[in-house]
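Written out below as structure tokens is the structure these notes cover.
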Amino acid sequence: MKASRLAAAAMLATAITLPAALPSAASPSDRPEPPGLAKQDTLRWSTPKDFRIGTAVAGGGHHTSQPYPAPFFNDQQYREVLGSEFSSVSAENQMKWEFIHPERNRYRFAEMDAIVEFAQKHGQVVRGHTLLWHSQNPEWLEEGDFSDQELRTILKDHIMTVVGRYAGQIQQWDVANEIFDSEGNLRTEENIWIRELGPGIVADAFRWAHQADPEAKLFFNDYGVEANNAKSDAYYELIKDYLAKGVPVHGFAVQGHLSIRYGFPAGMEANLQRFDDLGLETAVTEIDVRMDLPNGAEPTAAQLEKQASYYQRALDACLGVEDCNSFTIWGFVDKYSWVPVFFEGQGAATVMWNDYTRKPAYYALQESLVKATPGGEHRWEHHPAYRH
Ligand code: 9MR
């Protein structure tokens with residue numbers, strides 16, 4: 001996000017005014033709840049124009065083993081917050097192979113159709129996730145006995161069918177997800193496609209996706225690549241090679257599953273910048289910031305502040321890079337987060353409490369978005385939540 005986008009956002013900025021009154025209620029972290037910043041005081045109305053603030057849409061995956069009904073279809077308050085706070089939505093699980101293609105000759109499109117319809121009704125773009133991954137593949141695929149030619153046809157048909165169905169309606173596709181391990185080696189054993197068909201299949205997946213939807217921006221997506229390290233280096237080299245060969249790759253996305261137990265990934269902006277310098281778009285696609293909560297402890301004010309600063313630093317890194325236009329949080333309310341299900345004794349990773357009230361992390365994001373909007377810095381400095 002640089003000057004060009006700031007200028008484009010000028011019109012939006014004029015709609016934002018700072019209300020005079022302080023609210024009386026204290027937030028659970030003892031920080032004052034700031035008054036509304038905007039006419040519509042939500043994240044999406046605080047963003048510079050052309051910058052998308054997104055969330056994963058809860059459904060499938062870990063949700064199916066939880067004691068609540070499918071959030072997207074049943075939780076009215078969830079739907080209201082989803083529609084009002086975000087300008088981009090990602091399918092948390094509903095486009096993954098095991099969900100959308102449960103049998104060889106059967107697709108399950110109903111949930112994704114509903115998400116796309118919701119997004120259109122609310123003026124949101126959609127991120128598609130994902131087409132080629134080592135995880136969450138259906139048993140018929142992983143356990144099937146297919147020749148190489150059959151497997152290739154299965155992947156191509158899947159991509160043409162799924163990408164083709166939503167052509168023109170998906171802004172960005174995570175074509176290939178998590179293809180490298182932490183040392184920067186291709187997952188040649190775990191990933192069925194690379195194992196059976198060789199690394200060239202990844203480029204083919206991009207070509208087929210491009211054929212099926214020439215408008216969609218096609219991304220690599222991974223975790224642990226926020227910093228400059230062996231894994232992000234591996235992407236850098238592979239993408240350079242693809243660009244030289246004319247493979248249609250348009251973006252590099254860092255997921256952003258962070259924990260305050262560790263330091264904030266060093267040099268995140270510079271890392272995004274080197275991909276931007278290759279002519280790519282970049283994005284933060286799945287950020288959440290978890291913390292240790294042993295024996296069901298409540299987050300402390302210090303933990304919440306640290307969490308807020310991680311969210312904010314990640315957003316600032318993205319806002320600092322010209323073509324980082326999309327910042328997605330991996331769920332916005334703790335009760336539906338994947339984190340406590342996968343990491344025992346950890347949680348509180350999202351920006352809202354279970355009753356949808358806002359945590360310091362929410363305000364930290366809002367602060368950065370407002371400040372990136374022309375005139376916004378001035379407004380935020382006079383804001384009671386201003387922390388610097
Ligand atoms: O949030 C997703 C959860 O519901 C699933 O059960 C889980 C299964 O692996 O996947 C989660 O989403 C992952 C995403 O698709 C890829 N990056 C890591 C995410 C967190 O595991």
Side-chain angles (χ1 to χ4, degrees), residues 54-75 78 82 86 88-102 108 111-112 115 126-139 141-142 162 170 172-182 187 190-193 205 219-226 231-232 235 251-259 262 265 282-291 310-311 314 326-344 346-352:
T55 180
V57 176
H62 78 277
H63 300 285
T64 57
S65 62
Q66 299 304 300
Y68 49 71
F72 177 71
F73 291 101
N74 296 284
D75 184 338
Y78 177 87
L82 179 68
F86 302 97
S88 175
V89 290
S90 302
E92 185 173 1
N93 294 288
Q94 302 89 332
M95 283 187 142
K96 292 174 181 171
W97 271 78
E98 71 171 11
F99 192 101
I100 207 165
H101 199 166
R108 174 185 174 189
E111 285 81 355
M112 202 53 219
I115 292 171
V126 182
R127 294 196 83 263
H129 174 81
T130 177
L131 300 168
L132 183 149
W133 192 23
H134 63 270
S135 182
Q136 287 186 275
N137 289 325
E139 215 175 287
L141 173 67
E142 289 282 349
V162 176
I170 303 284
Q172 301 181 346
W173 259 110
D174 293 331
V175 173
N177 196 38
E178 303 171 4
I179 59 166
F180 289 109
D181 67 18
S182 55
R187 294 185 193 260
E190 279 169 291
N191 186 308
I192 178 175
W193 311 108
F219 277 69
F220 282 100
N221 186 53
D222 212 325
Y223 62 87
V225 288
E226 294 75 24
K231 204 189 210 182
S232 58
Y235 279 102
F252 175 69
V254 306
Q255 295 179 2
H257 293 291
L258 307 179
S259 162
Y262 312 110
T282 54
V284 176
T285 48
E286 306 184 11
I287 190 169
D288 48 23
V289 183
R290 59 190 188 274
M291 57 186 74
Y310 279 33
Y311 270 104
S326 174
F327 184 91
T328 293
I329 61 179
W330 207 236
F332 53 87
V333 65
D334 284 342
K335 63 184 167 189
Y336 298 142
S337 167
W338 71 292
V339 167
V341 181
F342 282 74
F343 298 92
E344 216 192 314
Q346 299 182 53
T350 76
V351 302
M352 285 185 186

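Indexing begins at 1, ligand by ligand and atom by atom, following the structure's order.
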>> Salt bridge check, K231 against D181: does any charged N sit closer than 4.0 Å to a carboxylate O?
In response: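 Salt bridge: no.
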
> Atom CZ in F73, atom OH in Y78: separation rounded to 0.5 Å?
Replying inline: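 One finds 11.0 Å between CZ of F73 and OH of Y78.
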
> Measuring from E98:CD to W133:CH2, what's the distance to the nearest 0.5 Å?
Replying inline: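 Between atom CD of E98 and atom CH2 of W133 there are 8.5 Å.
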
>> Could you tell me if R290 sits above the aromatic ring of F342, with its cationic atom closer than 6.0 Å to the ring centre and no more than 45 degrees from the axis?
In response: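 Ring-cation test returns no.
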
> Using a 4.0 angstrom limit on heavy atoms, which residues are close to ligand 1?
Replying inline: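 Residue list for ligand 1: G61, H62, E92, N93, K96, H129, W133, Q136, N177, E178, Q255, H257, E286, W330, W338, F342.
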
> Checking R108 side chain against H101 main chain: does a donor-acceptor pair fall under 3.5 Å?
Replying inline: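 Such a contact is absent between R108 side chain and H101 backbone.
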
> Run the ring pair (Phe, Tyr, Trp, His ring centres under 6.0 Å) check on F252 and F220 step by step: do they pass?
Replying inline: CA-CA 5 Å; F252 175 69; F220 282 100; 7.7 Å; no

